Amino acid sequence: MALLSTSLSGWGRYPVQSCELERPERFALLHPNAEHLIARGQGRSYGDASLNENGRVLLTERVNRLLEFDLEHGVLRAEAGVTLAEILEVIVPKGWFLPVTPGTKFVSLGGCVAADVHGKNHHHEGSFGDHVQSIELILANGKLLHCTPTENQQLFWATVGGMGLTGIIGEVTVKLIPIPSAYMMVKNHSADNLEGLFTLLQSPASDDRYTVAWIDSMASGEHLGRGVAMGGHHVEVEELPGNFYRSIKPERRHSIPFNFPALILNSKSISVFNSRYFKREGGRRHPFLSGYDSYFYPLDRIAHWNRLYGKRGFVQYQCVIPDATAFEGVKHLLEALSSSRRPSFLAVLKRLGPQGRGLLSFPMAGYTLALDLPIRDSGLFVLLNKLDEIVLQHGGRVYLAKDARLSSQKFREMYPLYAEWLKIKHEFDPQNRFSSSLSRRLKIGESA
Ligand SMILES: Cc1cc2nc3c(=O)[nH]c(=O)nc-3n(C[C@H](O)[C@H](O)[C@H](O)COP(=O)(O)OP(=O)(O)OC[C@H]3O[C@@H](n4cnc5c(N)ncnc54)[C@H](O)[C@@H]3O)c2cc1C
C-alpha cells in the first residue's frame, strides 16, 4: 500500500505534524505485524487525536457506503467513513434523524463513536454511543469482531469514547429517531449574568429537547456570564405554515479563502460582535422556525472557518464540571479568562445528562463550557494549565476530542475509569498498535 507523507493537523490547526497517510477503498483486515497506526475520519477533532507523528494514519473517507436502512424501524448500518452530512441527505426526506449530532455534520460515523460525541440533547438522550446497536471492529491481531452493548460488551464500551485506540471501527449500526418535519421550532431566552443563565438551563420553562447557551465571553463584573439559552425541537407538521415542506434545500456555503491575520479577532472586535449578537438573539421574544441545518450546523455554512484564527491556529478548550460544583467552577473559569484578557470568539455552555457507559467518554452530569482561543503566544498555554487546575478542583474533566495540550498526569486524574479501560486495551492490543499523537502525549496505553 502506497503511503503519502504529509503535514497534517486537526480542526484547530495546532499541532501540525508529519504523518504517513493511507487511503484505502475498503478496510483490509490488518496484517498482524504491521506498524502502529491510527484511524482518521474527517479530521474534525481539534487537536492531535487523529494525528500520528512520523507514523501511519488510516483515512476512512473512501470507506463510506450506506449498507442497510430499515425504513420502518429507523435502523441504519453503514461503513464508518460515511459522514453525517451524507447520512442526513438520505434519512431526513424519509422522516428520520440522527439520535445525537455534534455541531458539525462534516464528521464521520466512526469519529462519532470513537469520541462518543454529545449534542444539544445530551441532558435528555445521552451521547452517540447510547444509540449504537453494534460495531464491527478490526482488532490489533488482524481479526474482525462484532461488538454490541451486550456481546463483547467490555470492548464495545472501551471503543465508544476510546479515541480509536482499541481498533478500527469498520461498520456501525445506529438507531435513528423519527422526525415529523425537517424544521425546528426555536425559542431564545436571555440572561444578564451567569446565575440567570444557569437558571434558564435548569428550568423546564426554557429547556427543550435540544438546548444550548451562547455566552458573551467578553462580559465581566455584574454581567459576567451573560448569554442566550436557545432551545429547540423538531416541528410537528401541524405547526408548519402551509408553504413549508417536509424537506429543505441545502443552504449556500461561503468560504474563508485564506488565513486571516490573527489580530482581526481581537478583544475590541469580539466585544462589538458579542454585544450585537446578545442584543439580536436575546431580543427575539417569539419562537421562530429554522431549517435543521441552520439550527444544528450554523458554522458549516462557512467552509474553512478555522482559518479565521490565523496561521498559528487555535485551541478549543472544552471541559465539563459536575452539577454540584458547576456554577462555581464555570464562574472561576470565566473570571480567569476575563482577567487573562485573551478573547474567546466562541463560548458555549450546555447542560449534560448522566455519565454514559463509555469508559473514556467525556460527558458527566453537569455543565460543559467550550471556548475557542487563538494561539498568539505561549502565554495561552499557561492560561490553559490554570483552567485545568480549576476544572480538577471542581471535579471535572477536559474533552479529549478537542484537546491538544493536556498533561498525562491530569488526564489520569480526570478520567478515573482509565485503569479499567487499560485492562481491555492490554487484552486486545498488547503491543499498543493503535496509538496516536494524543495517546503518546497523554501516555494512554501505558500503566500509571
Ligand atoms: C465545528 C465543530 C463542532 C463540533 N461540535 C461538537 C459537539 O457538539 N459535540 C461533540 O461531542 N463534538 C463536537 N465536535 C468534535 C467532533 O464531533 C469529534 O471530534 C468527532 O470525533 C470528529 O469526527 P471525525 O470523523 O472528524 O474524526 P477525526 O477527527 O478524524 O478523529 C477523531 C477520533 O476518532 C477516531 N476515529 C475516527 N474514525 C475512526 C474509525 N473508523 N475507527 C476508529 N477510530 C476512529 C480517531 O482515531 C480520533 O481519535 C465538533 C467539531 C467541530 C469542528
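Just so you know, these numbers come straight off a predicted model, no measurement behind them. Every number for a ligand or one of its atoms is a count from 1 in the order of the listing. These numbers come from the heavy atoms of this one structure, side chains and all, not from hydrogens, waters or symmetry mates.
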Please report which non-hydrogen protein atom sits nearest to [atom], along with the residue it belongs to and the distance in Å to one decimal place.
atom	value
atom 30 (O) of ligand 1	Gly41 N, 2.7 Å
atom 20 (C) of ligand 1	Gly111 O, 3.8 Å
atom 9 (N) of ligand 1	His118 O, 2.8 Å
atom 5 (N) of ligand 1	Gly103 N, 3.0 Å
atom 41 (N) of ligand 1	Ile169 O, 3.0 Å
atom 46 (C) of ligand 1	Ala39 O, 3.1 Å
atom 24 (P) of ligand 1	Gln42 N, 3.5 Å
atom 35 (C) of ligand 1	Ala114 CB, 3.4 Å

Non-hydrogen atoms of [X] versus ligand 1: any pair closer than 4.0 Å?
X	value
Gly43	yes
Gly81	no
Phe362	no
Lys402	yes

CA sep, side-chain torsions, deciding dist, call: Phe327, His394, ring-ring contact (aromatic ring centres under 6.0 Å, His included): CA-CA 10 Å; Phe327 178 74; His394 292 86; over 10 Å; no
[X] contact mode with ligand 1 (heavy-atom cut-off under 4.0 Å):
X	result
Ala115	side chain
Val117	both
Trp305	side chain
Val107	both

Evaluate [X] for polar contact with ligand 1, using N/O atom pairs at a separation under 3.5 Å.
X	answer
Met163	yes
Ser108	yes
Ile168	no
Arg44	yes
Ser45	yes
Tyr399	yes

Provide the number and element of each atom of ligand 1 under 4.0 Å from a heavy atom of [X].
X	value
Ile38	47 (O)
Ala401	19 (O)
Thr60	41 (N)

Atom pair CG/OH of Leu442 and Tyr415 - distance to nearest 0.5 Å: 9.5 Å
Value rounded to 0.5 Å, distance of CZ in Phe97 from CD1 in Ile87: 11.0 Å
Ring-ring centroid check [X] [Y], cutoff 6.0 Å:
X	Y	value
Phe273	Phe278	no
Tyr297	Phe106	no
Tyr210	His124	no
Phe314	Phe345	no

Heavy atoms of other groups near Glu86 CD, more than 12 under 6.0 Å: yes
Arg77 to Phe69, cation-pi by 6.0 Å centre distance and 45° axis angle: no
Geometric class of the His122/His118 ring pair [parallel <30°, tilted 30-60°, perpendicular >60°]: perpendicular
Salt-bridge present (Glu20, Arg56; N to O < 4.0 Å): no
Pair Arg433 + Asp429, salt bridge at N-O below 4.0 Å: no
Side-chain donor-acceptor pair present, Asn64, Glu79, cut-off under 3.5 Å: no
Sole residue of Leu400, Asp403, Thr368 in side chain to side chain contact (heavy atoms under 4.5 Å, CB included) with Phe362: Thr368
